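Down below is the structure, laid out as structure tokens.
Here, residue 1 is the first one in the sequence, and each next residue gets the next number. All values below were derived from every heavy atom in this structure, side-chain atoms included, with hydrogens, water molecules and symmetry-related copies excluded. Because the structure is predicted, anything quoted here is derived from the model rather than measured.
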Amino acid sequence: MTDEVDDVVSAWARERGDLALGPMHIWSRIDRLSGILAGHRKRAFTDHAIEGWEFDVLAALRRAGRPYRLSPGQLLRETHVTSGTMTNRVDRLAARGLVRRDPDPDDGRGALVTLTPAGLALVDAALGTLLAVEESLLGDWPADDRARLADYLRRLLLGSA
């Protein structure tokens, strides 16, 4: 069984046989899978009229547990964006009524970002759709194959950070 990455690597081997092309077998597949997953996620989120970045912020708040509240700094760490980007995102989500800014009881100058009931309902619905899509992408993969793949990807991710 071969795929398009095999064809690309074979062509490079023909043209640049002097190079060690082994990593291309892994990283090119990850890159292609990333694009495929991004397309499926976009469609799943479109079903709920949200963008991926909106889901990321709402999901970070949801994962925090009751009362679904994080400081802006915690949100930055959870979503890996800059503070300016996060301010813009929170402003836009607040304008849609999905989050609100509450005073930080421990810091009179600070604020906490809190998921609203509408935001909670939206992120829960979008998560359900996303998980159904991701499950369908794995098809009939047995649990032990999924666990092995997750372990390999975890090792790769930890070694590449």
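In this structure a side-chain-to-backbone donor-acceptor pair under 3.5 Å is missing from R62 to D124. Without hydrogens or angle criteria, T79 side chain to D56 main chain gives no donor-acceptor distance under 3.5 Å. T46 places a side-chain N or O within 3.5 Å of a backbone atom of K42 that can act as its donor or acceptor partner.
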Pair R32-V8, side-chain contact (heavy atoms from CB on, under 4.5 Å): steps then yes or no: CA-CA 12 Å; R32 281 170 169 71; V8 168; 3.8 Å; yes
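Put simply, the side chain of R43 does not reach to within 4.5 Å of the side chain of T129, judged on heavy atoms. Side chains of L76 and S83 form a contact here, defined as non-hydrogen atoms less than 4.5 Å apart. A 4.5 Å side-chain heavy-atom check between L138 and E134 finds every atom pair outside the cut-off. Between W53 and V81 the shortest side-chain heavy-atom distance does not fall below 4.5 Å. Using a 4.5 Å cut-off on side-chain heavy atoms (C-beta onward), L120 and Y68 make contact. Side-chain contact between V133 and R41: absent, with no pair of heavy atoms (C-beta onward) separated by less than 4.5 Å. Proximity of V5 to W27: side-chain heavy atoms (C-beta onward) are nowhere separated by under 4.5 Å.
For the 3.5 Å distance criterion, the side chains of T114 and D102 qualify, holding a donor opposite an acceptor.
A pairwise comparison of heavy atoms in T116 and R100 identifies CG2-N, 4.0 Å as the closest pair. The two residues P72 and A111 make their nearest non-hydrogen contact at CD-O, 3.2 Å. Residue G97 comes nearest to A118 through the heavy atom pair O-CB, 3.9 Å, listed as atom of the first residue, atom of the second, then distance.
In summary, R69 and D104 do not engage in a salt bridge, as defined by a charged side-chain N under 4.0 Å from a carboxylate O.
The side chain to side chain contact (heavy atoms under 4.5 Å, CB included) search around H25 returns D6, V9, R29, not counting sequence neighbours. In this structure F55 satisfies the ring-ring contact (aromatic ring centres under 6.0 Å, His included) test together with F45, sequence neighbours excluded. Taking L75 as the reference, V57, A60, L61, L70, M86, V90, V113 meet the side chain to side chain contact (heavy atoms under 4.5 Å, CB included) condition, with sequence neighbours excluded.
Between T87 atom OG1 and R101 atom CZ the span is 6.5 Å, to the nearest 0.5 Å. The CZ atom of R154 sits 7.5 Å away from atom CG of L158, with the distance rounded to the nearest 0.5 Å. Here L156 contributes atom CG and I26 contributes atom CD1; the two are 6.5 Å apart, rounded to the nearest 0.5 Å. A distance of 6.5 Å separates CG in L122 from CZ in R96, rounded to the nearest 0.5 Å. Annotation: the span from R63 atom CZ to L115 atom CG amounts to 11.5 Å, rounded to 0.5 Å. Atom CD in Q74 sits 7.5 Å away from atom CG in L112 (nearest 0.5 Å).
Grouping the Ile, Leu, Val, Met, Phe, Trp and Tyr side chains by contacts below 4.5 angstrom, directly or via other members, places W141 apart from L33. Linking Ile, Leu, Val, Met, Phe, Trp and Tyr whenever their side-chain heavy atoms come within less than 4.5 Å leaves Y152 and L137 in two separate clusters.
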